[in-house]
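Here is the naming used below: chain letters follow the sequence lines, and residue numbers restart at 1 for every chain.
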Number of protein chains: 4
Amino acid sequence: MRKIDPIKHEKKRQEILAAAKRCFLRSGLSGASTAQICAEAGISPGHLYHYFESKDAIIAAMADARLEGTSERFKQDVYGGGSVISALLSEIEEQPANPAQSALFFEMLAESRRNPEMAKILHGRSRSMRNLIAEVIRHGQAQGEIQPELDPETAAMAIFGLMDATKAVSLHDPKQDIKKITALFKLLVDRLLSSDAKTAKPSRARKSAQRSRSA
Amino acid sequence: MRKIDPIKHEKKRQEILAAAKRCFLRSGLSGASTAQICAEAGISPGHLYHYFESKDAIIAAMADARLEGTSERFKQDVYGGGSVISALLSEIEEQPANPAQSALFFEMLAESRRNPEMAKILHGRSRSMRNLIAEVIRHGQAQGEIQPELDPETAAMAIFGLMDATKAVSLHDPKQDIKKITALFKLLVDRLLSSDAKTAKPSRARKSAQRSRSA
Amino acid sequence: MRKIDPIKHEKKRQEILAAAKRCFLRSGLSGASTAQICAEAGISPGHLYHYFESKDAIIAAMADARLEGTSERFKQDVYGGGSVISALLSEIEEQPANPAQSALFFEMLAESRRNPEMAKILHGRSRSMRNLIAEVIRHGQAQGEIQPELDPETAAMAIFGLMDATKAVSLHDPKQDIKKITALFKLLVDRLLSSDAKTAKPSRARKSAQRSRSA
Amino acid sequence: MRKIDPIKHEKKRQEILAAAKRCFLRSGLSGASTAQICAEAGISPGHLYHYFESKDAIIAAMADARLEGTSERFKQDVYGGGSVISALLSEIEEQPANPAQSALFFEMLAESRRNPEMAKILHGRSRSMRNLIAEVIRHGQAQGEIQPELDPETAAMAIFGLMDATKAVSLHDPKQDIKKITALFKLLVDRLLSSDAKTAKPSRARKSAQRSRSA
DNA sequence: CATGAATGAGTATTCATTCAT
DNA sequence: TATGAATGAATACTCATTCAT
């Protein structure tokens with residue numbers, strides 16, 4: 001009569017997911033086999049399918065969890081009193097420290113071209129983060145702190161792209177000092193948002209684009 | 001006992017490489033099988049190993065050829081009367097139009113973490129491009145057209161990173177207008193290099209940072 | 001420490017058996033999994049083994065129940081005032097309407113060659129039906145209504161075989177009108193049993209070969 | 001430069017097919033694994049797929065070959081101077097001697113309900129054999145040797161069904177004397193075709209329904 | 001009586017690679 | 001130079017069955 005215990009089930013699922021993530025980080029999306037994942041999770045091959053219906057489902061769940069984590073952290077940063085810029089930068093500063101994570105992310109990005117499920121997950125998460133950035137920019141524009149000519153959507157996409165740029169950079173040259181790059185990117189974002197260097201009020205913007213509470 | 005004709009041999013090798021690239025673009029690095037490549041190249045499976053000692057060798061050769069192409073085109077742009085900026089932008093503007101190429105590139109980037117051969121190729125090509133950018137920046141700084149505080153290596157890496165950002169952006173949202181993003185990136189690079197955004201003349205930099213020396 | 005209630009137990013067993021039969025009809029003997037059966041019966045996988053010791057046991061029980069049903073109906077027809085012929089024909093007329101049942105039956109027949117348990121069940125039920133037919137024939141011969149040269153065992157087997165022929169026919173061409181075939185088979189049986197085709201009175205046999213004794 | 005030798009290829013294919021058939025006869029359609037088939041054929045698991053694209057393709061090829069054999073032999077019998085009846089009976093007499101073959105056949109018949117490929121093969125072969133029988137009947141009717149009221153299509157199907165009946169009979173009771181049954185079936189067919197026992201000229205037909213050359 | 005967790009051998013199939021000709 | 005035959009380990013996944021609770 002003992003009914004299913006959803007807490008235990010979910011816990012095991014998360015354990016397996018964590019094991020899977022370690023495998024994917026180690027061997028890549030297609031390099032990691034279900035056998036490896038089972039071994040890492042300490043379960044039998046058949047048991048894996050008690051929790052996930054396919055390897056693709058594991059990949060999807062892992063990708064979703066990972067991006068949700070990033071997205072959530074980002075949201076916290078933005079709403080938690082920081083500026084868009086600092087939120088962006090905290091993200092930029094965290095990821096590149098882990099090239100394995102970056103590599104896995106790029107595999108997911110590549111995968112999204114062939115796997116519609118992956119595309120849905122990735123595009124969805126990506127869009128929500130960009131929407132958040134765009135919203136903050138609009139808010140800043142309303143306050144006169146961000147130059148009004150800037151298209152919020154485009155700027156959001158560009159800023160978002162810098163996160164991936166940072167990841168790429170860390171893979172292009174693992175030994176370099178990523179701090180310098182992020183500092184430069186910070187400068188770039190700062191200037192982008194500022195009420196335009198060419199048009200009079202340049203210095204104000206640099207310290208302005210924060211305060212965004214909205215949701 | 002026929003001696004091999006090195007010219008014919010090399011020609012066939014290139015044909016196979018081209019076929020392989022089509023397969024990799026279509027199905028991904030691990031998704032494309034040697035059987036597919038042979039079919040695409042119109043040769044028998046055994047014959048493939050007459051030209052390449054393994055699938056990894058094909059991937060390496062393909063990656064090398066692809067990056068050499070990019071690098072060479074970039075060099076042409078820089079030396080061919082254009083500015084670093086325009087060279088960078090022509091690269092930025094070309095790639096994202098082809099998400100398949102972008103995806104393949106990111107797969108190569110990810111692969112470089114696990115495959116030392118791939119790492120050697122990718123890091124080498126990446127470094128030589130960044131060196132070129134850095135050199136141009138130094139030249140510009142000597143001429144007083146680029147702000148002197150800028151660390152050329154760091155700036156080069158940042159600019160280089162924007163190429164990958166553009167690729168990533170095109171995969172994050174395939175439907176968007178990539179032109180707008182590249183225009184924004186162009187503006188960013190422009191401001192980064194210009195003697196100083198705060199000091200009015202940003203446009204000069206655009207046509208200045210050219211003419212560097214030989215490789 | 002509850003004692004089991006044999007009535008409830010048997011009821012549940014029958015429910016599972018019914019569920020299993022639906023699965024076998026849908027997916028075939030080896031195509032239906034125990035998981036499917038459990039789902040169809042609304043029980044957990046472990047619980048299945050409380051009622052049956054193996055999948056083979058389920059198949060055996062299902063086969064036995066099915067054949068017992070056929071056999072019983074047949075007996076009813078024979079004893080219930082009808083003739084052997086009409087009993088046979090009612091069976092013939094009912095089954096082919098359901099190709100799924102026919103297919104399942106043939107799978108059981110094939111299985112009987114490899115599975116001794118299945119062979120025992122199938123041969124037993126088959127024999128008892130044929131014995132019944134043979135007995136009726138003997139009775140008819142004693143009455144002078146069925147030609148005396150006919151070997152009752154052989155004739156019984158032949159008549160019995162026509163049932164399977166009807167099933168086979170319906171699978172060979174699902175779209176055809178099975179009524180025509182059964183009418184023809186009826187005619188054949190009629191002629192076979194009649195005192196002699198050559199001696200004019202064939203119609204008498206039709207209503208004659210009834211009334212036999214108990215099992 | 002050695003081009004493919006289609007004869008050797010086909011020979012090997014037939015060898016594998018023969019091995020597969022032995023496995024299917026031994027273990028059944030779903031009971032025989034590709035691993036078993038490979039072992040029986042003396043090839044590696046991967047090599048099987050050099051000759052067949054799937055297990056289903058093997059089954060289909062085997063089924064087709066088997067039915068083609070039956071059909072061809074039947075055609076020979078009919079055109080080779082014998083009567084329809086003797087052709088039918090030679091088929092009837094051959095198969096039941098091998099219950100394994102009968103069992104396999106019934107598995108194919110059952111499979112045809114779920115597998116459209118199998119249905120196509122089986123229905124096609126079945127139809128062509130029935131067409132042949134019907135044609136012979138029509139010829140006999142034109143000659144006045146077969147009763148004219150008989151619908152040739154229906155009669156053909158019924159006669160065809162008797163083949164399967166014989167197979168079924170041999171599985172229902174493997175120990176019995178199949179000769180007696182076939183003799184009885186012969187009698188049935190004979191009477192069916194004869195110009196009707198009830199309507200005057202009965203004896204002629206019995207020795208008549210031969211001579212059929214037509215195609 | 002009943003659950004769902006867990007097993008592990010087994011499934012068809014793929015694939016990079018080698019070999020004989 | 002070139003072929004297609006052949007390999008065998010590996011792949012994702014299934015399934016009847018057992019076990020702890």
Side-chain angles (χ1 to χ4, degrees), chain A residues 1-6 8-9 12 30-38 41-58, chain B residues 1-5 8-9 12 30-38 42-58, chain C residues 1-5 8-9 12 30-38 42-58, chain D residues 1-6 8-9 12-13 30-38 42-58:
Chain A
M1 272 241 188
R2 211 32 62 80
K3 277 277 168 186
I4 185 175
D5 180 345
K8 268 183 109 176
H9 185 88
K12 189 84 189 178
S30 61
S33 70
T34 54
Q36 272 172 48
I37 293 171
C38 289
I43 59 171
S44 64
H47 200 32
L48 184 64
Y49 293 83
H50 199 70
Y51 295 93
F52 297 94
E53 64 176 13
S54 68
K55 185 185 171 182
D56 270 6
I58 299 176
Chain B
M1 274 286 176
R2 287 272 159 71
K3 273 278 153 112
I4 67 165
D5 177 343
K8 274 183 98 175
H9 186 87
K12 191 83 189 174
S30 60
S33 70
T34 53
Q36 270 172 51
I37 294 170
C38 288
I43 60 169
S44 63
H47 203 32
L48 184 67
Y49 290 81
H50 198 75
Y51 295 93
F52 298 94
E53 65 174 7
S54 69
K55 185 185 174 183
D56 272 5
I58 299 176
Chain C
M1 274 286 176
R2 287 273 159 71
K3 274 277 153 117
I4 66 166
D5 177 344
K8 274 183 96 175
H9 186 87
K12 190 85 190 174
S30 61
S33 69
T34 53
Q36 269 172 52
I37 294 170
C38 289
I43 59 169
S44 64
H47 202 32
L48 184 65
Y49 290 80
H50 197 75
Y51 296 93
F52 299 93
E53 65 175 8
S54 69
K55 186 185 174 184
D56 271 5
I58 300 175
Chain D
M1 272 241 189
R2 209 35 59 85
K3 277 279 169 185
I4 185 174
D5 180 346
K8 268 182 107 176
H9 185 88
K12 189 86 190 176
R13 216 184 109 101
S30 61
S33 70
T34 54
Q36 272 172 46
I37 293 171
C38 289
I43 60 170
S44 64
H47 200 32
L48 184 65
Y49 293 82
H50 200 69
Y51 295 93
F52 297 94
E53 65 176 11
S54 67
K55 186 186 171 181
D56 271 6
I58 299 175

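- Look at NZ on A:K8: it is 13 Å from P on E:dG4, rounded to the nearest Å.
- Across all strands, A:S33 comes closer than 4.0 Å only to sugar-phosphate atoms, never to a base (heavy-atom distances).
- Close to E:dG8, at under 4.0 Å from its OP1 or OP2, lies no side-chain N or O of A:H47.
- Residue-level contact check: B:A32 touches the backbone only, with heavy atoms under 4.0 Å from sugar-phosphate atoms and none from bases.
- Heavy-atom nearest nucleotides on DNA chain E were determined for B:E53 and for C:G46, and the one closer to the 5' end corresponds to C:G46.
- The shortest non-hydrogen separation linking B:C38 to B:P45 is SG-CA, 3.5 Å.
- Note on D:F52: nothing from the nucleic acid sits closer than 4.0 angstrom, heavy atoms only.
- F:dT3 atom P lies 17 Å from atom NE2 of D:H9, rounded to whole Å.
- Summary of the strand contacts: B:G42 and A:Q36 both lie near DNA chain F, and taking for each the nucleotide with the nearest heavy atom, the more 5' one is attributed to B:G42.
- Close to E:dA2, at under 4.0 Å from its OP1 or OP2, lies no side-chain N or O of C:Y49.
- Checking F:dA12, F:dT17, F:dA6 against every side-chain atom of D:S44, the shortest atom distance belongs to F:dA6.
- Remark: F:dA20 base-pairs with E:dT3; criterion is Watson-Crick or G-U wobble with both hydrogen-bond distances under 3.5 Å.
- Remark: D:S44 OG to D:Y49 OH distance equals 11.5 Å, nearest 0.5 Å.
- When every heavy atom of B:L48 is checked against every heavy atom of B:I37, the shortest pair comes out as CD1-CG2, 4.5 Å.
- Looking at heavy-atom distances under 4.0 Å, A:I43 makes contact with sugar-phosphate atoms alone, never a base.
- Interatomic distance, CZ of D:R13 versus CZ of D:F52, reported as 4.0 Å (0.5 Å rounding).
- OP1 or OP2 of F:dT1 has at least one side-chain nitrogen or oxygen of B:H50 nearer than 4.0 Å.
- Put simply, CG on C:L48 is 14 Å from C1' on E:dG4, counting in whole angstrom units.
- Residue A:P45 is the one, among A:P45 and B:K55, whose nearest nucleotide of DNA chain E lies closer to the 5' end (criterion: closest heavy atom).
- When every heavy atom of C:H9 is checked against every heavy atom of C:H50, the shortest pair comes out as CE1-O, 3.9 Å.
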